[in-house]
Structure formats: structure tokens, C-alpha cells
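Scroll down for the structure; my scribbles are underneath it.
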Amino acid sequence: MEMSRNPLGEDLNNSKQSEKVDSVLEDMDVEDHTKEGNSEEKFNRSLNASMESRGGLQSECDHWKFNRSLNASMESRGGLQSECDHWKFNRSLNTSMESHGGLQSEYDHWKEKHDAADNRRSNLIMEKVDATDTKIKTQRQVEELARKLDGTDEEKKEKENLYEREIKGLKTENSDLQKQIQELTKAFKKQQHVLEDIKEDLQAENTLPQKNINFKVEEAPKDGESSPDISYKCFVTINGIAILESGQTLLTFEDIEVANRVIKKGKYKLDFENKPVEVTAKPVTLNRTTQFEINMNMSKKRLCVRDLPPDLSDEYLKDKLELIFYKPSIGGGEIERVQIDGSRNLAFIDFLQSGVVERLVKQKHFEFVAHNTRHQITVEPFIDRELNKLQMFTGFSPKSVLLEGIQGVEETEDDIQDIVQIFFQKPTNGGGEVEHILHSHNRKRAAEFETDLKEDANSAGL
């Protein structure tokens with residue numbers, strides 16, 4: 001029994017030693033394979049190292065050979081040998097199973113990593129494809145924007161050129177307009193001077209002729225009758241004036257024949273202190289004469305109201321005016337109708353009785369309250385004016401003569417007028433009695449004529 005136990009223990013020891021030897025040999029083989037591609041120097045160093053460790057290995061190998069011989073001697077023992085084989089098989093199987101479990105877990109671990117890497121690789125490929133598409137689209141957009149930018153730059157340059165041309169054109173047009181403005185300003189100033197000269201020429205003192213007006217006393221109206229309105233008619237004549245230039249003299253004779261003789265002879269020589277002067281006699285032609293008739297009628301029943309407040313309706317104004325001028329306390333009376341002229345802020349009130357207008361006109365101003373605001377209104381009689389028989393014609397003065405050419409003399413206007421009047425009053429010079437004389441010395445003067453009712457209708461006197 002002791003022999004049977006020792007060979008088993010030894011066999012186990014031998015198996016352990018054989019495993020160590022196998023592992024060493026496997027390590028050597030692995031080392032030889034891994035270092036197969038290295039240089040000869042590295043191989044020699046490895047061989048020397050392995051030879052140094054063979055002393056210990058040799059002893060173990062001898063012991064292993066002894067165990068193998070012992071095992072061979074034990075093969076004859078069937079039961080022990082089969083049990084030993086069964087044990088070795090189980091041991092090898094367990095070792096293989098343990099090794100397989102570790103490899104399986106490591107395999108699963110690396111498979112998971114591989115799958116994760118594969119998924120990540122797929123995602124990266126998809127992202128790359130998307131990024132490539134985005135890149136292509138972006139490149140196309142950039143190219144399109146670049147084309148648009150080029151087109152915009154060209155359009156901008158065209159617009160700038162167009163604007164520059166327009167600005168140049170406007171500047172040129174502005175310069176031309178400025179020149180035109182300057183020319184028109186000069187012409188305007190010149191025309192203003194001409195107008196001022198014309199105004200000076202036309203300035204004359206116009207006074208209406210005195211007329212004697214005869215008023216007739218009418219009988220007082222009977223009860224129930226209204227007094228008639230006050231009417232006035234006049235005939236107005238506006239004669240044209242004659243403008244005397246510098247050096248001209250206007251003569252009016254009492255006799256037409258004298259004026260005709262002077263004009264017929266034409267040339268005369270007048271003696272002044274410093275030199276003789278030759279003058280020319282011409283007829284006088286007047287400017288346009290206007291005649292018209294004015295008819296005025298002042299009503300005794302109609303009142304004119306002025307200065308009405310604006311922005312009030314016609315109905316409101318009518319009601320307020322009726323309330324004011326119906327009161328007997330202010331001299332009012334019964335009203336027939338009220339008319340509003342909003343464009344001129346006027347109102348016309350017709351009363352049923354005469355005498356009301358006369359009483360109200362004496363007071364002249366009245367208070368008018370509208371929307372808590374006080375206003376002052378003015379009343380006056382209503383006067384209807386008409387212009388009739390308007391006539392316009394060009395007249396002449398047959399008794400007047402225009403003398404020209406009195407220039408460069410040192411005498412005053414009064415002295416010149418005296419010299420001329422004395423010369424043309426002498427019958428030896430073809431003259432006669434002078435009625436009026438007017439000389440213009442170094443200025444323009446206006447001579448006004450009026451109609452001579454005793455002579456022909458177209459004649460005029462100075």
C-alpha cells in the first residue's frame with residue numbers, strides 16, 4: 001500500500017514538473033517565434049540566457065524522466081492507471097473549462113467593444129456623408145452668393161455711374177438755372193425800375209370836380225305809407241394825363257386858331273441867356289379817357305351788419321340777430337327776413353317799417369354773445385351801388401401845344417415858363433393869349449386834363 005501511494009504522489013509531482021517544463025518550453029517557443037524577426041544579436045543574448053537556466057532545468061528534466069520511467073512501470077497496473085488517466089482528464093477538462101470561461105468573457109468584452117466601435121464607425125460614416133452633403137450645399141450657396149455679390153457689385157457700379165451722371169446733369173442744370181435766375185433777377189430789377197418810372201409818371205393829384213347837388217324836400221308819408229329810399233346818381237369822367245419828359249413844355253391857348261397856327265409853323269427859336277434854343281411845336285394827344293355813371297340807393301328798411309363772428313352756422317346767426325334787433329328797447333322793430341353772407345361775415349336785415357334803420361344806425365355798435373363769448377358787431381345802412389354807361393375813348397386838346405427841345409439851359413422852371421409864355425403871347429410870333437403853361441426841367445411831370453363842357457365832347461382843357 002505504501003508503494004501504491006508513493007507512485008501516485010510522485011506522479012502528481014511529475015505531472016506538475018512536466019507542466020512547468022512544458023510552460024517553459026512553450027515560453028521559449030513563443031519567445032523564439034516573437035523574436036524571429038529580431039536581429040542575430042538579440043537571438044544570441046536570448047540563447048545565452050536560456051543556456052544559463054538549463055542547469056536547473058536539467059535536474060528537473062532528469063527527475064521528470066525518472067517519473068516517466070516509473071509511470072511506465074506502473075502501466076501494468078490497470079486500475080491505478082485508469083484512475084490516474086481519469087483524474088488527468090478531469091484536471092485537464094477543468095483547466096480547459098476555466099480557461100474557456102475566461103476567454104469567453106474576454107471575447108464577449110471585446111465583442112461588445114467591437115460592436116460599439118462598429119456602431120460608432122457607422123455613425124461617423126453617416127455623419128461624414130451628411131457633412132459632405134452639407135459641405136456641397138454650402139459650397140453651392142457660397143458660389144451662388146459669390147455670383148450674386150459679383151452681380152451686386154456690377155449693379156452697384158452701374159448705379160453709381162448712373163447717379164454720377166445724374167448728379168453732373170443736375171449740377172449743369174442747376175448752373176444753367178442759376179444763370180437764368182441771375183438774368184431774370186437783372187431783368188426783374190430793370191423792369192422794377194421801369195415800373196417805378198411809370199408810377200412816377202402816372203402820379204398826379206386827382207381831385208373830383210366840385211358839383212352842386214340840389215336836395216328836394218318831399219312831402220312826409222301819410223299814415224300806413226313808407227318813405228321812399230334815398231337815391232343818388234352822378235356822372236364821372238376820368239381823363240388821361242399827359243406825361244412831360246425833361247425839356248418839354250405844354251402850352252394851352254384861349255383860342256384854338258392860335259394853337260393851330262403854332263403847330264402849323266412847327267419850328268421856333270427862343271433866346272435864353274447863355275444860348276438860343278430851337279424848339280418844335282406838336283399837337284397834344286391824351287391817354288385813354290373813361291366815363292361812367294354811378295347810381296346809389298340807400299334803403300330805409302334794410303340794415304347791413306358787419307364783423308359777425310366766424311365759424312357759426314347761418315341758422316344760429318339768424319336766430320341771434322332776430323333776438324337782438326327785434327327789441328324795441330334798442331330801437332329795433334319787426335323783422336321781415338335775415339340774409340347771411342358767410343364769405344364776408346355780413347348779414348342783411350329787412351324790417352317791415354321805415355325809421356328802424358335810422359334809429360339803429362345812430363348807435364352803430366352792438367354786443368353779440370355767442371357760446372359765452374362776447375363780440376362787437378357794427379351796423380350801417382345798406383347802400384346799393386350800380387355802375388352804368390361805361391365809356392372809354394382817347395381824347396385830345398385842340399387848344400394845347402407841346403414844345404420840345406428846351407435842353408441845356410441854366411434858367412429855372414419858372415424863368416423858362418416866363419420866357420416861353422412871353423414869346424408865344426406876341427402876335428408877331430404867331431401866338432396869342434396863353435391860358436396855362438407847364439414846363440418839365442430835368443424831370444418828368446404829369447399834366448392832367450378835364451373835359452371842357454362848353455366845347456366839343458372830345459375836347460379837353462389843361
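Because only heavy atoms are used, hydrogens play no part in the values below, and waters and symmetry mates are left out as well, while side chains stay in.
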What's the spacing between [X] [atom1] and [Y] [atom2] if we round to 0.5 Å?
X: Leu308; Y: Arg344; atom1: CG; atom2: CZ; result: 11.5 Å
X: Leu184; Y: Lys186; atom1: CG; atom2: NZ; result: 11.5 Å
X: Leu317; Y: Phe368; atom1: CG; atom2: CZ; result: 5.0 Å
X: Leu162; Y: Arg165; atom1: CG; atom2: CZ; result: 5.0 Å
X: Asn119; Y: Leu124; atom1: CG; atom2: CG; result: 10.5 Å
X: Glu413; Y: His439; atom1: CD; atom2: NE2; result: 6.0 Å

| request: Would you please test Leu403 and Lys282 for side chain to side chain contact (heavy atoms under 4.5 Å, CB included) and show each step? | output: CA-CA 6 Å; Leu403 300 178; Lys282 294 182 179 181; over 6 Å; no
Exercise: do [X] and [Y] side chains pair donor with acceptor under 3.5 Å:
X: Ser343; Y: Asp341; result: yes
X: His193; Y: Lys189; result: no
X: Asp108; Y: Gln104; result: yes

Specify the closest pair of heavy atoms between [X] and [Y], including all atoms of both residues, with the distance to one decimal.
X: Val356; Y: Gly331; result: CG1-O, 3.5 Å
X: Gly332; Y: Arg359; result: O-NH2, 3.8 Å
X: Val284; Y: Leu250; result: CG2-CD1, 3.4 Å
X: Ala370; Y: Leu312; result: CB-CD1, 3.8 Å
X: Val338; Y: Glu322; result: CG2-CG, 3.8 Å

| task | List the steps, then state whether side chain to side chain contact (heavy atoms under 4.5 Å, CB included) holds for Ile349 with Arg302. | result | CA-CA 6 Å; Ile349 303 174; Arg302 173 168 284 196; over 6 Å; no
Are the side chains of [X] and [Y] in touch, meaning some heavy atoms are under 4.5 Å apart?
X: Leu402; Y: Gln248; value: yes
X: Glu358; Y: Val361; value: no
X: Ile294; Y: Asn388; value: no
X: Leu346; Y: Val305; value: no
X: His114; Y: His109; value: no
X: Glu404; Y: Thr249; value: no
X: Val357; Y: Phe382; value: no
X: Gln407; Y: Ser246; value: yes

| Would you call the rings of His371 and Tyr316 parallel, tilted or perpendicular, where under 30° means parallel and over 60° means perpendicular? | parallel
| task | Test Leu352 against every option in Glu334, Arg337, Lys301 by the side chain to side chain contact (heavy atoms under 4.5 Å, CB included) rule and name the one that passes. | result | Glu334
| said: Applying salt bridge (Lys or Arg N to Asp or Glu O under 4.0 Å) to Arg147 and Glu144, what does each step give before you reach the verdict? | reply: CA-CA 5 Å; Arg147 287 194 296 272; Glu144 184 68 22; 2.3 Å; yes
Short question: side chain of [X], backbone of [Y] - any donor-acceptor pair under 3.5 Å?
X: Lys364; Y: Thr378; answer: no
X: Ser122; Y: Asp118; answer: yes
X: Asn174; Y: Leu170; answer: no

| said: Run Ile416 and Val409 through side chain to side chain contact (heavy atoms under 4.5 Å, CB included) and show every step you take. | reply: CA-CA 9 Å; Ile416 293 173; Val409 295; 3.6 Å; yes
| said: For the CD atom on Glu293, are there more than 12 heavy atoms of other groups (residues, nucleotides or ligands in this structure) within a distance under 6.0 Å? | reply: yes
| query | Does atom CG of Asp311 have more than 12 heavy-atom neighbours from other groups under 6.0 Å away? | reply | no
| request: Carefully, step by step, assess Ile330 and Ile324 under the rule side chain to side chain contact (heavy atoms under 4.5 Å, CB included). | output: CA-CA 8 Å; Ile330 64 172; Ile324 293 172; 4.1 Å; yes
| Pair Arg140 + Glu143: basic N to acidic O under 4.0 Å | no
| Would Lys159 and Glu155 pass as an ion pair if we require N to O under 4.0 Å? | yes
| query | Mind checking whether Phe325 and Phe351 have ring centres under 6.0 Å apart? | reply | no
